[in-house]
Structures are given as structure tokens and as C-alpha cells.
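Below, read A as the first sequence line, B as the second, and so on, with proteins coming before strands; counting in each chain starts at 1.
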2 protein chains.
Amino acid sequence: MKVLNVRDYVVDKLQYALNPKSIAVVGASRYNTKFGYKVIEELRAWGYKGEIYPVNPRADEVHGLKAYPTVKDIPAEIDLVFIAVPAHIVKSVLEDCVAKQVKIVVIATSAFKEIGRGQLQNELTQYCRDNKLPLIGPNLVGMGSPYLNFNCGFIPYLPIKGPVAMISQSGANLLAALGTSQKDHFGMSFFVGLGNKADVDFSEFVAYAGIDDNTKCLAIYIEGLDSEEAFVKACQKVDKPIVTIKVGGSKIGVKAAFAHTASENEGTNDAYYDEIFQKAGAIRATTWQQFLDVSLALGMQPPLYDDKIVMITNGGGSGLLSCDHFERCGLPLHELKEISPSLAERIRAYMPMFGSPLNPVDISGTASPIHYKGAFRQAMRDPNVNGILGSICPTAVTDVEAVTDVVIEIHEAFKHLHKPFVMECQGGEECQRAIMKLRDHGIPAYPTAEQAVNAMVALYRYGQIKKNKQVK
Amino acid sequence: MKVLNVRDYVVDKLQYALNPKSIAVVGASRYNTKFGYKVIEELRAWGYKGEIYPVNPRADEVHGLKAYPTVKDIPAEIDLVFIAVPAHIVKSVLEDCVAKQVKIVVIATSAFKEIGRGQLQNELTQYCRDNKLPLIGPNLVGMGSPYLNFNCGFIPYLPIKGPVAMISQSGANLLAALGTSQKDHFGMSFFVGLGNKADVDFSEFVAYAGIDDNTKCLAIYIEGLDSEEAFVKACQKVDKPIVTIKVGGSKIGVKAAFAHTASENEGTNDAYYDEIFQKAGAIRATTWQQFLDVSLALGMQPPLYDDKIVMITNGGGSGLLSCDHFERCGLPLHELKEISPSLAERIRAYMPMFGSPLNPVDISGTASPIHYKGAFRQAMRDPNVNGILGSICPTAVTDVEAVTDVVIEIHEAFKHLHKPFVMECQGGEECQRAIMKLRDHGIPAYPTAEQAVNAMVALYRYGQIKKNKQVK
């Protein structure tokens with residue numbers, strides 16, 4: 001249901017969804033294939049430190065914990081109630097929650113508006129709003145934070161710690177991001193599924209992420225906004241980069257988005273959302289990969305305020321893929337001599353005779369860690385250079401590990417200059433290891449040229465957004 | 001240098017570059033950091049079975065093998081001479097090769113036309129052409145084939161066996177593909193770097209790949225074509241899918257492509273190459289990732305002749321990313337009831353009440369291997385369905401491994417119907433394992449929705465190309 005503005009009581013209480021001291025799981029099951037069992041299993045497996053109260057009128061014990069017939073029967077204060085019972089029982093559970101004065105409820109249950117039960121969903125929402133009980137969901141997968149070892153939902157992964165708050169309407173895509181987090185070291189501050197977002201709105205999680213210390217970038221997957229104004233206002237107030245991806249815009253996607261999260265997209269199109277995101281100062285990604293890649297870069301690196309980017313690579317081919325893609329993205333590279341007349345000559349010292357001091361700078365397949373270090377240092381120290389894109393293409397003589405360490409050293413040494421530094425490392429397992437190590441040290445790194453370019457372009461776009469905000 | 005037509009003597013002799021019985025390595029070094037040492041090291045490490053003759057006038061032995069002062073001194077027939085000596089010595093080596101009647105030469109050495117020595121390069125080329133000695137290179141990284149355990153060049157990887165012939169002007173990008181091959185099970189038939197392609201042209205490798213039994217798809221990375229007509233004619237004659245990626249089209253890329261492989265792009269643009277590739281019946285990829293993804297699909301699956309694609313997923317979000325991307329690619333999905341009025345009802349048996357029998361078919365996050373099997377089987381057996389895109393999004397109850405086995409079983413059981421089958425599996429390590437296993441069984445599988453869609457769209461494009469060819 002629509003909200004006109006971010007509601008303070010909701011934002012205040014979101015901490016109880018992401019950092020609760022006590023959780024009641026309604027629909028806690030004794031059977032280990034059931035969701036109601038999995039929730040408790042995951043909470044414990046990932047190391048949740050608070051109290052867990054299973055609620056199940058037909059069980060004395062669930063997962064070794066004493067079970068209670070209703071929320072009201074629990075002899076302690078409850079921050080969060082996680083509801084995983086059939087739709088028709090939810091109302092009575094909410095009444096218990098209000099009576100018990102719980103802080104916030106999450107309804108994981110499906111089969112509400114997305115299958116035509118909009119009225120039931122609206123009634124529950126209105127009931128919660130009347131009682132100032134924030135409701136997250138229904139039809140969602142869960143939430144958590146790696147900083148708190150908190151994994152609450154039907155979620156097989158906990159992400160690694162990092163800068164990105166992932167706010168997703170889709171459960172499946174949220175889970176994909178969490179899986180990717182571990183596999184590719186994509187670090188998150190917290191994550192939450194919104195599902196049908198009957199009550200708590202995107203805008204309120206935006207406001208919460210804006211004040212969350214661990215969050216450096218917001219990544220928002222949207223199937224439909226029904227409170228556009230509140231979203232725009234909330235985004236405008238946040239001084240952190242915001243990346244969005246909006247699906248359900250295709251002809252057939254309109255139906256699928258409704259069937260999935262009851263999102264309404266009739267009468268909207270891509271241009272409509274482009275305008276919303278522009279007003280909001282959010283960067284819109286097109287593909288899922290771009291969504292992740294760009295979020296990570298914006299979470300790790302400062303904005304790029306001007307477009308004098310130097311690319312340094314040991315592979316001419318990766319340089320070409322990159323400079324073509326920069327132009328395709330509307331941010332063509334400048335020639336090295338235009339950026340800094342003397343830099344080409346200074347960089348020449350770190351390449352063989354057949355290397356190429358153009359931009360991209362090709363220090364050639366023979367480049368050693370010393371060559372890389374010299375070239376990066378020259379580019380970093382040059383005041384005319386705004387940002388650096390580095391690339392490692394393993395040849396038979398490339399010491400990928402040593403070059404990775406050089407990159408980390410240079411990044412650390414010149415951090416105070418606030419020059420965005422993005423890396424690409426294309427190839428086999430050793431590149432994957434390099435990418436993970438670089439990411440662990442705050443350097444966004446990617447396995448293909450175009451991904452790295454997308455990341456740098458996003459840093460530039462965010463620089464432009466920041467500038468525009470200052471002018472206003 | 002330009003060729004007007006594929007030269008038969010060149011195509012005949014390419015087998016000696018990709019399957020030589022004997023190799024002389026000129027510039028074989030005793031020092032293990034040198035390229036000339038690495039070449040022999042890699043040949044032996046990967047299990048080359050033929051004879052290796054190091055050529056080095058200042059050594060008696062290299063890598064435990066007897067060394068010879070010149071090619072002429074080798075007391076045996078030589079198929080391939082691999083040259084890794086400085087540019088100014090190359091001419092005399094070529095004279096020895098002609099005298100020795102070797103079958104083919106590869107010049108790995110850089111510093112020819114790409115740094116302004118076009119005349120020297122042309123002289124060498126003309127000399128080879130006059131003597132019908134095919135020359136591959138100069139300025140290249142090497143070649144090989146996993147089917148022969150043959151890895152000849154400055155190449156730290158051998159790819160896994162598979163359907164794609166990788167023909168690349170860039171060494172670095174070729175190496176990236178080879179690294180990816182092992183890491184992500186991207187299978188290749190053979191691979192070759194062309195570098196400056198002074199003599200042997202793309203068109204001649206196209207003709208060779210056309211008759212190579214292991215090759216099911218050609219993947220060609222181009223920095224510049226100087227023999228467009230020969231290329232188009234060669235491609236038209238090949239009854240296999242051809243995927244191209246062309247770089248150096250950006251303003252700054254024109255210079256970088258010349259500096260890299262002496263490719264001339266002045267006066268050409270993207271539209272110019274679009275027309276060439278269209279005439280050639282080749283599918284052009286935009287990004288490197290797309291280049292790999294699409295090549296693999298075309299190498300593994302039959303063409304898609306009509307556009308009735310059904311997507312089956314347990315994640316509504318991945319379905320939405322996919323259907324939006326299908327529309328973005330100009331191939332919008334049709335509604336399920338339009339494709340087959342009864343399929344929706346038959347598929348409903350394999351999903352819970354809140355699943356969605358639209359297209360994408362959302363069998364929901366609770367889907368078991370049995371649900372997947374039933375849904376896939378219904379879609380496969382329906383004569384109105386032309387192709388199937390499957391997707392696995394791990395939830396807390398998804399058995400990814402078992403679903404993977406179901407996919408392999410269904411693919412095998414219905415292979416005779418020639419329906420393209422593409423998979424997406426988004427998430428963590430278990431998804432990466434699933435993707436590799438699926439690829440090992442001939443099913444193109446990808447970690448994001450858009451990659452899988454790109455693959456399916458390419459199968460459709462190739463279907464259209466095949467149809468157009470038949471009409472002519």
C-alpha cells in the first residue's frame with residue numbers, strides 16, 4: 001500500500017528486523033524439510049546470538065527449543081515476529097503481535113495479492129498501520145547481516161561483510177546475490193527481501209540504509225514502485241550512492257511481475273522509471289551482472305569527478321575491449337598526451353620497445369610487477385589523472401599474485417588522493433583468486449574488460465550526481 | 001597483407017600448425033624466464049607427443065634436448081617452425097625454412113608493423129608467399145588443441161575439450177579465453193592467435209575450422225580485417241555457426257588497434273563491420289562475455305528455428321530479468337497459452353498453488369527435482385514449444401545437484417527432437433558446480449539470466465541465418 005512519505009516510526013523500528021534481540025518464529029516446524037524448521041536452523045547455524053522462540057500450537061519443542069502455542073504465550077519481550085503460516089491464519093497472528101507489543105513483523109507467507117488476494121493483504125496492512133506495527137512482506141525470503149551473523153529466513157547463505165546494502169523485492173535474486181557474495185567476495189552490509197511490500201516501503205529501507213554505518217552503497221532490485229514520490233524523496237536525502245535495477249517493464253513482464261510480487265506495472269515503461277531514478281539521483285543498471293558490479297565499485301571507491309581516466313594493461317586486446325566500451329557508454333577515453341603531455345614519456349620507462357604509451361597504456365605481455373608498479377605510480381602521482389583502470393592478462397611470464405600485491409600496495413599508498421581505482425583480471429583460477437583478494441582490500445575487480453569499464457563509468461555518473469546535488 | 005581468396009595451399013598446410021609431427025623452436029632459450037624456454041616447457045608439460053628441436057646457435061642443449069645452430073642443421077623433416085627471435089633476424093630464419101622445406105612457420109616475435117615496421121613485415125610476407133610457405137603472425141601468442149594435448153606458444157593454459165574453435169588476433173584475450181576454459185568449462189576444439197596476420201588470414205582459418213571435425217562453432221576475435229571479401233566468402237561456405245567480436249571501432253581504439261596488431265581501422269566503423277558480418281552470416285557479439293557465452297551455446301545446441309520459447313524457473317525474479325532481456329534483444333517471449341493452450345494446465349501439476357503458469361513459468365522456490373522433471377518433460381513433449389530455457393535459483397530447500405541431474409536426463413532423453421535447451425543457475429559455489437557439470441554434458445549453462453537469454457537469442461539468430469541460406 002502506498003506511503004506518501006517515509007514514516008519515522010517505521011524507520012526507527014527497522015533495527016528490530018535487522019538486529020533483533022529476540023525472535024518468535026510462527027509456523028516453526030518439527031520437520032526438517034519445512035521452511036518453518038529451516039528458519040530456525042539457519043538462525044542457529046550462522047550464529048545468531050539472541051533468543052529464539054518457536055511458535056507452534058501442536059509442538060512442545062522445535063529444534064531443541066521450547067515451543068509456545070501463540071506469540072502471546074511467550075514469557076519475554078519480542079522484537080521480531082517471523083510469520084510462516086498459511087495466509088488465512090496470519091490475521092490472528094498479527095492480533096497476537098499487537099497484543100504482545102512486538103516491535104516489527106515479517107510475513108514470509110506467499111499467496112496474497114500476487115494470486116489475487118489483494119483485499120486480504122490490504123486488510124492486514126491497514127490493521128498493522130492502525131496499530132503502528134511495521135510489516136515487512138508478505139511473500140518474501142528473509143533478511144540478515146554478516147556483521148551480526150544474522151540470517152533470518154529461507155536463506156542458504158550468509159554474505160561476506162562489505163559495503164553494499166541489498167534491498168530486493170525478489171527472493172530468488174536476493175539469494176543469487178548472497179551466493180555470489182561468498183563465491184566472488186561481493187561484500188554486503190545487510191540484505192532484505194521486500195516481497196509484496198504491503199506496508200514497509202522501499203523508501204523506508206532507503207532511509208534506514210542511509211544512516212546505517214556499515215552501508216556505503218545501496219543496491220535496490222525493484223519489480224514495481226507504488227510510492228514513487230516517497231522513494232524519490234528518500235533517495236534525495238541519502239548521501240550515499242544508490243544503484244537500482246527495475247524489472248517487469250517488458251510486455252510479458254508486466255504480468256509476471258504481478259504474479260511474482262503483486263507489482264503493478266500497467267501504464268509504466270522504462271522511460272517512466274528512468275525519470276524517477278534520475279530525480280532520485282540513483283544509477284540504473286540494465287543487467288543483473290551490471291547491478292552487482294556497479295554496486296560494488298560505488299561501495300568501495302570514491303566518486304570520479306572528471307573524466308581523465310588512464311587505463312594500464314599488459315594486454316592490448318583487453319585495452320581495446322575497454323576503450324571501445326568506454327565510448328559505447330558515452331565516456332570515451334582521452335589520449336594520454338591530452339591528459340598529461342609528460343606522462344607518456346614517464347610511463348615509457350616501464351614498458352618494452354613494442355609497448356604502447358597511448359591510452360590504454362599497453363605495458364605489454366612481458367610486464368613484471370616492477371613495470372606495473374612504476375606505471376601505476378606515475379599515473380597516480382600525475383595531478384591530471386582522475387581515475388585509473390588497471391588490467392592483468394596472465395601470459396606465460398605474468399606473476400599475477402605479485403602484480404595483485406603491487407595493486408594493493410599502490411591503492412593503499414595513494415588512498416589519500418581519492419582517485420578511483422578499478423581492476424580487471426581476465427583468465428583462469430589465478431585471476432579469480434586475484435579478484436577476490438583485490439576485493440578483500442577494497443579494490444573493485446572484475447573478470448572482463450566491460451565489467452570494469454561499467455564500474456568506472458558508474459563512479460563517474462555518481463560524481464556527476466554529487467556535483468549536481470552541490471549546485472542545488 | 002591482403003588475400004583475395006582463401007588459398008588452398010595455406011588451408012592444406014594449417015594442419016601442420018595445429019597437429020605437427022615435429023617442431024623446431026628458433027630462439028629456444030636456456031633461461032627459464034625467457035619465452036623461448038617457456039614454449040618448449042609448455043609443449044612438454046601439456047604432453048606434446050611429436051619431436052621438438054630447439055634451435056640456438058649458442059647452446060648445445062635446451063631443456064634437456066639437443067639444440068641445433070640453425071633449422072637447416074636439423075637431421076629430420078620439420079612440420080612447424082616456431083620463431084621467437086628478434087625481428088631483424090627473422091628473414092634469415094625464413095630462408096633456412098624455405099631451404100629445409102618446412103611446412104609452415106609461426107612468427108611469435110613482436111615489433112613489426114605495429115611499431116611502424118610495415119615494410120619489413122611486408123617483405124617477409126612476400127618472401128613467404130613467393131615460396132608458398134604459409135606464415136602465421138607475426139606478433140602472436142601461439143596455438144594448440146586440447147584434443148592433441150598440444151600447447152605451442154607463450155600460453156600458461158590448455159583449454160578443456162569442446163566445440164569452439166577460438167581464432168583470435170589478440171594474444172591476451174585468447175589467453176583469457178583459455179583460462180576461462182578451465183575455470184568455467186568452456187570447451188574448445190583448437191585455438192590460435194593470429195597477431196598481425198601478415199600472411200595467413202582469418203578466412204583461411206575459417207575454411208580450416210569448417211572442415212575440422214572437432215569444431216562445431218567458430219569464435220573469431222577481430223581487430224581489423226584487411227581481406228573482407230575473402231572473409232565473407234569463406235564464412236558463407238562454412239555450414240557451422242560463426243560468432244565474431246570486432247574491436248578497435250572507437251575513436252581512440254583505432255590507434256590502439258594499430259599499435260597492438262597493426263590493424264587498420266581508419267575509415268571503418270561499427271556499421272561497416274555490421275554489414276560485413278551480416279553478409280558473412282556471422283553473429284556479432286558486443287562484449288567479451290557475450291562472445292564466449294554465445295559461442296558455447298552455438299557449439300552445443302541446435303539452431304532455434306522458431307520463437308516459441310518456454311522458460312521454466314523456480315525464481316520469479318530470474319524469470320523477470322529474463323523476459324525483460326528477451327524483449328530488449330528483440331525476441332519477446334510469448335504467453336504460454338498462446339504457445340500451447342493446454343501446456344499451462346499440464347504444467348500446473350508441477351507447482352504449488354502460488355506458482356505461476358505464465359511464461360516464464362514460475363514453479364516456485366519450493367520446486368523439487370520431481371517438479372522440475374515434470375515441467376521440463378511437459379514442455380519438451382509439447383510440439384508447439386521450440387526451445388526451453390531452464391533456471392535454478394537455490395532456495396533453502398532446492399536440491400541443486402539433483403535438479404542438475406534431472407536436466408541432464410531430460411536433455412539426453414529428448415535430444416532427438418533437436419530443441420535447444422539452455423540453463424541458468426544463479427547463486428553460489430553449488431551453482432558454479434552445476435554449470436560446469438551441465439556444460440560437461442553439452443548443455444550451455446550460465447550464472448545470470450541475461451547471459452542465458454543472450455545464448456538463446458543467438459540460437460534463434462543462427463536459425464534465421466540457416467533458413468536464409470536455404471532460401472538462397
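Contact annotation for L292(B): neither backbone nor side-chain heavy atoms come within less than 4.5 Å of a heavy atom of chain A. In this structure, chain A has a heavy atom under 4.5 Å from the side chain of I115(B), while its backbone stays farther away. At a 4.5 Å heavy-atom cutoff, the contact between C323(B) and chain A is made by backbone and side-chain atoms alike. Of the atoms belonging to A257(A), heavy atoms from both backbone and side chain fall under 4.5 Å from chain B. A256(B) touches chain A through backbone and side chain together, each having a heavy atom under 4.5 Å away. For a residue to count as touching a neighbouring chain, one of its non-hydrogen atoms must lie under 4.5 Å from one of that chain's; by this rule F112(B) does not touch chain A. Contacts between S322(B) and chain A at a heavy-atom distance below 4.5 Å are absent for every atom of the residue. In this structure, the portions of P394(B) lying under 4.5 Å from any heavy atom of chain A include both its backbone and its side chain. Contact annotation for T261(A): neither backbone nor side-chain heavy atoms come within less than 4.5 Å of a heavy atom of chain B. Within the 4.5 angstrom heavy-atom criterion, only side-chain atoms of Y221(A), from C-beta onward, approach chain B.
Of the listed residues (N314(B), D184(B), T286(B), T398(B)), the greatest number of heavy-atom pairs within a distance under 4.5 Å of chain A belongs to T286(B). Ranked by non-hydrogen atom pairs under 4.5 Å with chain B, the options T448(A), T287(A), I245(A) are led by T287(A). Per-residue counts of heavy-atom pairs under 4.5 Å with chain B were compared for H325(A), E223(A), Q182(A); the largest is that of E223(A). By number of non-hydrogen pairs under 4.5 angstrom with chain B, the leading residue of C393(A), G248(A), A111(A) is G248(A). Note on L178(A), N359(A), V141(A), I155(A): by heavy-atom pairs under 4.5 Å with chain B, the leading option is N359(A). Considering only heavy-atom pairs separated by less than 4.5 Å from chain B, the leading option among G315(A), A176(A), S364(A), G153(A) is A176(A). Highest contact tally toward chain B, considering only C431(A), S391(A), P156(A), P447(A), is held by P156(A) [criterion: heavy-atom pairs under 4.5 Å].
Between I222(A) atom CD1 and L320(B) atom CG the span is 13.0 Å, to the nearest 0.5 Å. Here the straight-line distance linking atom CG of D362(A) with atom CD of E114(B) works out to 10.0 Å at 0.5 Å rounding. Interatomic distance, CZ of R328(B) versus OG of S250(A), reported as 8.5 Å (0.5 Å rounding).
Looking at E327(A), its side chain does come within 3.5 Å of a backbone N or O of K251(B) through a donor-acceptor pair. Between the E450(A) side chain and the W288(B) main chain, a donor and an acceptor come within less than 3.5 Å of each other. Q426(B) places a side-chain N or O within donor-acceptor distance of the main-chain N or O of A172(A), the cut-off being under 3.5 Å.
Within 6.0 Å of the CD atom in E401(B), the count of heavy atoms belonging to other residues, nucleotides or ligands does not exceed 12.
The two residues L358(B) and A259(A) come nearest to each other via the heavy atoms CD1-CB, 3.8 Å. Minimum interatomic distance between S318(B) and N173(A) (heavy atoms only, all atoms of both residues): N-OD1, 3.4 Å. Taking all atoms of both residues into account, the shortest heavy-atom contact from K246(A) to D324(B) is O-OD2, 4.1 Å. Scanning both residues, G317(A) and S170(B), for their nearest heavy atoms gives CA-OG, 3.4 Å.
Residues E335(A) and K255(B) are in side-chain contact: their nearest non-hydrogen atoms beyond the backbone lie under 4.5 Å apart.
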With side chain to side chain donor-acceptor pair (under 3.5 Å) as the criterion, how do E430(A) and Y157(B) come out once you've worked through the C-alpha distance, each side chain's angles and the decisive distance to 0.1 Å? CA-CA 11 Å; E430(A) 79 280 41; Y157(B) 317 99; 2.6 Å; yes
